[in-house]
Amino acid sequence: MEIDVRRLQEIVGEEDVRDNAADLYVYGSDASVHEANPSVVVRPETVEEVQAIVRYANAQLVPVIARGAGSGASGQAVPIDGGIVMDFKRMNRIKAIRPRDVLCKVEPGVVCDDLNRALQPHGLWFPSAPESGRIATIGGTIANNGSGVRAIKYGTMRDYVLGMKVVLANGDMVTLGADTRAQASGYQLDRLMVGSEGTLGLIVEATLLLRPLPRFKAMGMAKFSELEDAGETISDIVASEVTPSLLELVDDIAITALNKTLNMNLPQVEAIVVYECDGRMKEAVDYDMATIKEICEKNNAFGVEMGSDPKEMERIYSGRKKLFAALSRYREGLVCTSLADDMAVPSSKIAECARKIHEIGERNRVVMNAYGHCGIGLLHTKILMEATRKEQWEDARRAVDEVYEYVRSVGGTTSGEHGIALSKAPAWKKEKADSLQMMKAIKAALDPNNILNPHKLMDAPDDWVTATKLRYPVKL
Amino acid sequence: MTTEKARVPGRAMPLGARKPLVDPREIEFSRLKKWASELNLCIRCGYCYEHCPLYRASSWEIDTPRGRLLLAYGLLTGEVEPSPYVAEKMFECFYCGNCSRSCSAKVSPTDIFTDARADLLDSGYAGEGTTARNDEKLCMACGRCVSACKAQALTLDMGSMRVAVDRVKCKGCGVCVVECPVGAMSQRAGFGVTREELSAAVQSYLRGINGSPKVVVFCCSWSMTPGLQLSRMESAGAVNASGVIVSVCSGRVDPGLILDAFHQGAWGVMIACCPLDECEHDGNYRARERCVSVGRLLDVLGFQAERLRLEHFATGEVQKLKNAVKSFAGEMASLGPI
Ligand SMILES: Cc1cc2nc3c(=O)[nH]c(=O)nc-3n(C[C@H](O)[C@H](O)[C@H](O)COP(=O)(O)OP(=O)(O)OC[C@H]3O[C@@H](n4cnc5c(N)ncnc54)[C@H](O)[C@@H]3O)c2cc1C
């Protein structure tokens with residue numbers, strides 16, 4: 001692969017191109033188990049620069065991998081074939097906040113939580129910021145079709161994208177969607193970009209729907225001595241007439257990890273269900289909270305606590321944000337890997353799925369736990385394992401296969417929010433077996449030279465363990 | 001692909017390498033080795049980006065704690081070859097410790113960097129980074145910097161009457177730079193904390209706003225700064241709209257800088273620093289002394305001393321800082337311009 005670095009420097013300026021070994025190594029990772037170095041990193045600041053880079057790459061048949069913050073958990077931004085990593089962090093302008101239209105226009109490098117900070121004075125928010133929103137970018141979140149803890153009430157990223165400007169593989173820019181909520185028939189091409197993981201086009205601007213900030217919020221925490229009861233509680237709440245704004249499961253492994261690293265002082269029980277309700281009237285919020293409490297107690301919850309102290313709610317919420325990393329300290333000798341980490345199942349299956357996850361972990365000599373935004377059927381798990389031992393990767397491979405086999409058997413899906421890329425591609429390809437050709441046809445039509453984030457999703461290698469070098473010092 | 005040499009900003013490295021460069025493959029990294037399992041525990045989530053003043057200045061991922069941990073990991077596994085550029089990056093850290101404090105995997109990046117520095121230095125890869133340097137031609141060997149340095153990174157060699165900087169110990173607070181009466185101590189530009197850079201930041205902020213009370217806030221990076229992390233408002237121009245200028249440690253805000261801000265049109269200047277016993281560098285005590293003397297000077301000149309304010313904030317007290325800035329701005333609005 002020949003890349004003329006000087007040509008790229010002419011486009012974006014010398015300061016915004018790097019091709020020394022150390023920078024390339026850093027840009028070869030994200031939060032996944034994968035690692036592969038790019039050939040060069042460029043940081044465009046304008047649409048024209050993006051177009052010029054893509055035109056150059058398309059002519060030279062060089063891969064272009066979009067990168068936001070690199071917080072993806074499945075290797076989305078890992079350049080498996082090398083090539084140009086296009087870092088969008090300089091395209092970080094909040095271009096317009098239009099309260100009367102309840103929308104905003106932003107560049108892809110805007111950090112999700114920054115957007116919320118900027119919206120707050122207008123009494124508005126963007127509810128779909130992921131847990132990683134303090135660094136994750138809008139571009140990356142759209143391309144992953146991410147979601148946050150509030151998805152049960154407010155929906156996921158695809159519900160917030162009204163439109164976008166996208167640079168295609170040939171360098172042309174298209175405007176997709178509109179500044180309206182109602183958009184009738186015709187192919188929903190903006191939606192096609194949501195979740196495309198940088199394989200179909202480069203998002204250079206997004207129009208996002210906003211919501212008014214809720215006036216009242218209250219949070220509750222219910223303890224359970226059986227994981228199943230907690231799971232059933234969640235299913236019952238989802239099927240009830242109340243829609244909480246947050247509904248999370250935390251299992252005993254997660255509780256241990258949070259107490260150990262963050263001194264959260266959570267009760268050491270088998271499972272906790274955390275819920276939040278929000279709204280315009282305190283009485284309405286209280287009413288919903290009471291209904292949920294009843295459902296919890298009907299399912300053998302004990303010591304249900306409720307409150308609306310913002311500090312305490314923030315403490316619980318920020319603990320939740322840090323759980324992924326905290327799991328690293330669950331037990332000496334184990335590391336926390338992002339594998340089989342965000343499957344979704346129909347809401348009646350939460351309890352069964354949580355139990356299966358624990359069983360599969362035990363059977364395969366790794367630790368697997370269950371937590372997450374279960375209100376949308378999404379269960380997070382991490383595989384805690386001895387990552388420097390070769391055999392553990394065989395164990396992990398088996399565990400991942402078994403989990404996804406179960407998920408498919410109940411009509412679930414491989415990834416609820418973290419994306420597919422490399423780690424989840426083998427399972428996802430099985431899930432989507434009969435639509436893979438359709439996806440390949442779309443990819444070939446929009447990116448005939450296969451330059452945009454190649455070899456991801458349906459084109460990813462069939463074995464995730466050997467798809468790239470692993471980020472741990474282990475010889476397979 | 002055309003190969004291009006690593007661009008190291010500033011002076012060519014390595015500086016003052018007393019030891020010969022060791023063949024990269026031969027380096028043992030004996031200190032770094034003990035962190036091998038900690039490096040595996042880092043989940044590479046990148047949450048540390050938010051807190052890093054270096055990343056704010058450059059927005060390159062190599063300038064984040066995660067980026068540098070990756071370099072440390074690569075040095076151990078042989079995937080990253082030691083080079084002057086890598087050493088330079090390893091010596092770039094202000095040791096505010098925000099990353100270590102906020103890491104929920106409880107990894108301590110700063111401790112790892114310190115050992116990586118020592119190993120690199122042993123092999124002759126001495127980066128300069130954010131560490132202090134001493135210009136021997138200007139230095140009068142008065143020793144003021146030595147006694148000001150709480151990290152004990154400076155020593156005065158009585159034989160040669162020279163000040164030596166221990167680059168492993170130096171935490172880049174810049175207190176010595178301000179303490180030096182002859183301008184012999186300095187830090188490399190490029191991180192937004194030299195006198196010139198701070199002054200330019202003040203200038204560009206004051207030029208960028210019109211109308212509202214022009215309030216400049218020097219804020220140490222230990223207490224975590226409020227506002228947008230890395231995004232920009234279209235209308236706010238190139239600088240941040242809050243007037244908060246991160247000075248790394250309040251100890252490096254010298255009287256000249258404060259007076260310069262007034263000279264450039266500030267209505268009020270606030271110095272936001274750590275609570276009195278909590279500054280690792282005692283920079284806040286120095287800032288307090290300076291505030292008293294500059295306040296007196298303002299009085300003598302016929303301006304109100306309350307235009308200069310010192311406030312203390314503990315780590316993470318972002319909301320308190322925001323409120324204090326707001327109320328200070330309100331007071332300055334009633335005083336009007338100088
Ligand atoms: C601790 C932790 C917690 C997390 N919590 C959540 C969560 O609650 N919900 C959730 O959904 N995810 C979560 N994630 C996963 C991830 O952080 C998010 O999906 C996030 O939105 C990714 O954003 P990013 O900017 O880091 O994207 P990156 O990782 O940089 O990129 C992700 C993908 O987007 C593509 N991309 C980036 N920018 C563009 C662009 N401008 N145009 C086209 N394609 C682009 C990339 O090519 C890549 O395929 C979490 C991750 C971690 C480590």
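Computed from a prediction, not measured in an experiment: that's the story for all the values here.
Checking side-chain atoms of B:Y73 against main-chain N and O of A:R471 turns up a donor-acceptor pair under 3.5 Å. Without hydrogens or angle criteria, A:S328 side chain to B:L41 main chain gives a donor-acceptor distance under 3.5 Å.
For A:K469, the part lying under 4.5 angstrom from a heavy atom of chain B is the side chain only. For B:L76, no part lies near chain A; criterion is any non-hydrogen pair under 4.5 Å. If you measure heavy-atom distances from A:A22 to chain B, the contacts under 4.5 Å come from both the backbone and the side chain. Using a 4.5 Å cut-off between heavy atoms, A:T388 contacts chain B through its side chain alone, with no backbone atom that close. Heavy atoms closer than 4.5 Å to chain B are found in the side chain of A:Y27, but not in its backbone.
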*What's the verdict on side-chain contact (heavy atoms from CB on, under 4.5 Å) for B:Y47 and A:E131, showing C-alpha distance, side-chain angles and the deciding distance?*
CA-CA 10 Å; B:Y47 278 18; A:E131 292 298 87; 4.1 Å; yes

*Does the pair A:V33 and B:R44 meet the rule for a side-chain contact (heavy atoms from CB on, under 4.5 Å), with working shown?*
CA-CA 10 Å; A:V33 298; B:R44 299 186 180 171; over 6 Å; no

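Under the side chain to side chain contact (heavy atoms under 4.5 Å, CB included) rule, B:N40 has a single partner from A:V474, A:V335, A:T337, which is A:V335. Considering A:R43, A:R18, A:K89 in turn, A:K89 is the only one that fulfils the salt bridge (Lys or Arg N to Asp or Glu O under 4.0 Å) rule with B:E61.
Under the 4.0 Å criterion applied to side-chain N and carboxylate O atoms, B:E50 and A:K321 are not assigned as salt-bridge partners.
The shortest distance between side-chain heavy atoms of A:D16 and B:W60 falls below 4.5 Å.
The salt bridge (Lys or Arg N to Asp or Glu O under 4.0 Å) check on B:D119 picks up B:R31, with sequence neighbours excluded. Scanning for salt bridge (Lys or Arg N to Asp or Glu O under 4.0 Å) contacts around B:E197 gives an empty result, with sequence neighbours left out.
Between the side chains of A:S29 and B:R66, no donor N or O sits under 3.5 Å from an acceptor N or O.
Comparing B:E81, B:E38, B:R68 by how many heavy-atom pairs each has under 4.5 Å with chain A, the most go to B:E38.
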